[in-house]
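Questions regarding the structure given below will be posed in turn.
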Amino acid sequence: MRAVLLGPWLRAGTGPRPHPATPHRAPHRALRAAPTAPNTACDSQQRLPAAGRDLPALKKVSVEVLDHLEQLALVDFRDSEGVERLQKAIQFADQLHEVNTDGVEPMDSVLEDRCLYLREDDVTEGNCTKELLENAREKVEEYFVAPPGNIPLPKLEERETFLQGSK
Amino acid sequence: MAAAVAMAARGCGGVWRRARQRGAGQPGPGPGPFPRGQRAVACNARGGAVPAGKSGLVPWVPVVGLEIHAQISSNSKLFSGSQVQFAAPPNSLVSFFDASLPGTLPVLNRRCVEAAVMTGLALNCSINKKSLFDRKHYFYADLPAGYQITQQRVPIAVNGSLSYSLCIDNKMSQMVTKTVRIKQIQLEQDSGKSLHDDTRSQTLVDLNRAGVGLMEVVMEPDMCCGEEAAAAVRELQLILQTLGSSQAVMAEGQLRVDANVSVHHPGEPYGVRTEVKNINSIRFLAKAIDYEIQRQIEELENGGTILNETRAFDSKLGCTVPMRDKEGKQDYRFMPEPNLPPLILYDAKSLPANMNHQQVINIDWIHERLPDLPSVKRKKLVEQYGILPEHSFTLLNEDGLAEFFESVVKQTQMKPKKVIGWILKDLLSYLKQHSLTVKESPVSSFLLADLLNLLEKKEISSPAAKQVFMELWKGEGKTPLEIVKEQKLGLLQDQKELEQICQAVIDGQENEVMAIKAGNQKVLNKLIGLVQKKTEGRSNPVLVKQLLEKKLSE
């Protein structure tokens, strides 16, 4: 099962961000670091409670969204268990919205205070054609060989692998 | 090139109508969907008044926006140390990072940042002192990482403008200045190259170009026809070449232009736009845009709709066709590039004290060292030499021509206003006829100056000078003076001999002399002509006229 990239960018189908209404929510509750094994967060047995409350509501992911995700990221959800795992992962990540970030600038990189190193414009690499081509399954005269253009995934109805193991 | 610019420089002024009359005997795929004479264009896309159609058809307002990718002129790539070079053995200029092997990281090239800052300043942009890098995801064989590092959220420069000149009517006598707004300039990676092998149903991938630095210049849709777009791109090309930030040669893929085209009725919202790609020259850019505008108008007037699609320009047929691979809207799943901190630029005020110089980019320092932009150069030429704006436009439009002109002016006594005629009419037309660049000219500035000096000193006549020029063009190494001597083109300097010839002509043409004395001055020209014949064209007509008049009045 390939890891699925989550985050606010995958909000498709799950509606707008929930508004923090109730006043008793702790404003800057530090998010517990995600467990080391990537799948355990999605595992139905283990749930990290949010300060004594339940996780946010489990939102269903529509078939259209799953199809879209499969096309974009070439992941294969395979069966209903996979989809449930996805939904639980989203639910887990939704806890991020419970943090009150009013007036706080979004951080998009932990490197934001670091200096971006600038390299001098000198030629220091390259000329390793042979080594690079060792990785290629097929090659033609020092070119990599690829299929002719993108082969689009077949449409939802015709796809054999989509949600194979499920209803 | 001059043809392209001449075409580009003819401005628009009017209203687009369905110009082609549908009927029998429609010619096949010709040079374009309409002959030039029938077209009139509305170029007030920014809401200016558009005159109502004469034939009662509601006018259309075309809207053209451009996305331009300029390859940065640098030794190494944007995020790696592989060399940047056109036409090298396949996959020889590729590092492990360019091939996106795991464990490699991007390292930003300082020169690429400077190039982008220079370009931003030249286009009157605000330079963002803090800009960010993002990943744009899509799958394609020539993008090994599966994403492109670009600057989508906060690019390096925003809100600029580009001024360019157009000629109204075909005469190049009246130039008008237009402006297009620059939305932003961003740094991004180039992809590799795919060679499609249809016979074996495979694609060959060369990653030499993968990772080369690009500046994407996004223009607002302020243009309304192919000619405006072509003129704007030509001006941008000249600016980039002057700055040195890009060599901007379209034929080598260093400058790539995609056009976004739509049409709408005045007062209504913008129509659906199509994106036109695969445009390989400025001339084709104008053609492709004009074709697409016309296609959309015809489609809509026939009751059809325009799809929001990507179309490719087929230069052989002169038309746009839908592209197969891009279907529907792409979802690029933009995310911040996690391996790169924000790019911080400084100016004189914010310059940090203890940082290593090599790690600091000072916008003000770069600004001070910007070379004269083409628009400034043109003004200076007009002021310094008293030539017309159209002349300086053409001078700058041909690579090396302005330098040639200035070199000739320095070496001759002839006034620049006269020299310019020789440069633009004689030299340039010869160059064009033989498809030569200024650098390849068989006539050097030294030789031309020499010739013009002879003309100026009245040692030869103007027609004789043209003859000498033709001879010089053969490039046989002779000097103008040698040619004049060889072909006996020098003007007769002996006054007495000339007077004798004039007298002989007068004596031999009694009837004409009587007519002149009776008041018919035009007959004098016949006498001048006869003198010219006798001297085999080696007499100065002005002098001959004076002598004849003097003699006839005696």
Side-chain angles (χ1 to χ4, degrees), chain A residues 4-12 64-65 67-75 105-153 155, chain B residues 74-76 80-84 89-99 101 107-113 132 137 139-142 144 153 192 194-198 200-207 324-325 327 331 333-344 355 358-361:
Chain A
V4 176
L5 283 173
L6 297 173
W9 293 272
L10 277 182
R11 286 266 133 230
E64 286 77 33
V65 172
D67 176 34
H68 189 57
L69 287 174
E70 288 210 345
Q71 298 241 10
L72 282 183
L74 297 182
V75 293
E105 273 297 303
M107 171 198 263
D108 45 44
S109 169
V110 293
L111 302 171
E112 63 180 16
D113 292 328
R114 299 285 209 96
C115 227
L116 175 53
Y117 178 76
L118 295 171
R119 181 177 56 85
E120 274 305 311
D121 186 26
D122 299 319
V123 176
T124 55
E125 302 177 276
N127 273 313
C128 48
T129 319
K130 235 173 114 183
E131 277 176 283
L132 290 174
L133 289 174
E134 274 171 19
N135 282 327
R137 190 181 66 175
E138 265 186 76
K139 43 186 168 247
V140 169
E141 279 179 35
E142 302 189 321
Y143 286 95
F144 293 101
V145 177
N150 280 353
I151 303 165
L153 282 179
K155 288 217 168 32
Chain B
S74 61
N75 299 326
S76 56
S80 71
S82 344
Q83 191 181 4
V84 175
N91 292 307
S92 61
L93 307 177
V94 185
S95 68
F96 288 0
F97 171 77
D98 302 324
L101 299 187
V107 185
L108 183 56
N109 179 340
R110 187 202 159 86
R111 156 72 188 158
C112 294
V113 181
L132 306 170
H137 301 80
F139 290 115
Y140 209 69
D142 60 22
R153 287 168 298 149
S194 304
L195 302 172
H196 297 285
D197 182 358
D198 292 320
R200 281 177 213 89
S201 198
Q202 62 188 13
T203 299
L204 303 179
V205 177
D206 172 15
L207 297 177
R324 281 165 298 121
D325 248 352
E327 293 141 12
D331 182 345
R333 295 178 294 151
F334 284 99
M335 69 175 248
E337 168 57 58
N339 295 324
L340 293 171
L343 172 61
I344 309 288
M355 261 180 85
Q358 197 269 338
Q359 289 300 312
V360 169
I361 293 188

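What you see below is based on every heavy atom in this structure, not just the backbone, and it leaves out hydrogens, waters and symmetry mates.
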inquiry  = Heavy-atom cut-off 4.5 Å, strictly under: side chain, backbone, both or neither for B/I344 against chain A?
reply    = neither
query = Would a 4.5 Å heavy-atom cut-off, applied to side chains only, mark B/I361 and B/L343 as touching?
reply = no
task = Could you tell me whether the side chain of B/R110 and the main chain of B/V360 form a donor-acceptor pair under 3.5 Å?
result =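 Indeed, once roles are kept as given, a pair shorter than 3.5 Å links the two residues.
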query = Which bit of A/D113 is near chain B, if near means a heavy-atom gap under 4.5 Å: side chain, backbone, both or neither?
reply =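 Neither part.
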query = Are B/T203 and A/V145 close enough that some pair of their side-chain heavy atoms sits under 4.5 Å apart?
reply = no
key: Heavy-atom closest contact (B/L340 atom, A/L111 atom, distance)   =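 In this case the closest contact between B/L340 and A/L111 is N-CD1, 4.1 Å.
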key: Proximal component of A/E131, with respect to chain B [non-hydrogen, under 4.5 Å]   =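 Contact with chain B: side chain only.
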request  = Please flag which part of A/N127 lies under 4.5 Å from any non-hydrogen atom of chain B: side chain, backbone, both or neither.
outcome  = both
query = In terms of heavy-atom pairs under 4.5 Å, which option from B/R111, B/R153, B/Q202, B/R200 contacts chain A the most?
reply =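 Heavy-atom pairs under 4.5 Å are most numerous for B/Q202.
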ask   = What residue in A/V123, A/D121, A/T124, A/L116 has the most heavy-atom pairs under 4.5 Å with chain B?
value = A/D121
Portion of B/P342 that has a non-hydrogen atom of chain A nearer than 4.5 angstrom =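 Both the backbone and the side chain of B/P342 come within 4.5 Å of chain A.
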ask   = Given that the side chain runs from C-beta out, which part of B/V84 has a heavy atom under 4.5 Å from chain A: side chain, backbone, both or neither?
value =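 For B/V84, no heavy atom lies under 4.5 Å from chain A.
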inquiry  = Is it true that B/S76 and A/R119 share a donor-acceptor pair across their side chains at a distance under 3.5 Å?
reply    =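 Their side chains do contain a donor-acceptor pair, which is all the 3.5 Å distance test asks for.
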query = Do you know which of B/P341, B/S194, B/S82 has the most heavy-atom pairs with chain A at a distance under 4.5 angstrom?
reply =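 So the answer, after comparing B/P341, B/S194, B/S82, is B/P341.
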message = Minimum heavy-atom separation for B/L207 and A/F144, please, with both atom names.
response = CD1-CE1, 3.8 Å
ask   = Is the shortest heavy-atom distance from the side chain of B/P336 to the side chain of A/S109 under 4.5 Å?
value = no
task = Check whether B/D198 gets within reach of chain A through its side chain, its backbone, both or neither, counting any heavy atom under 4.5 Å.
result = neither
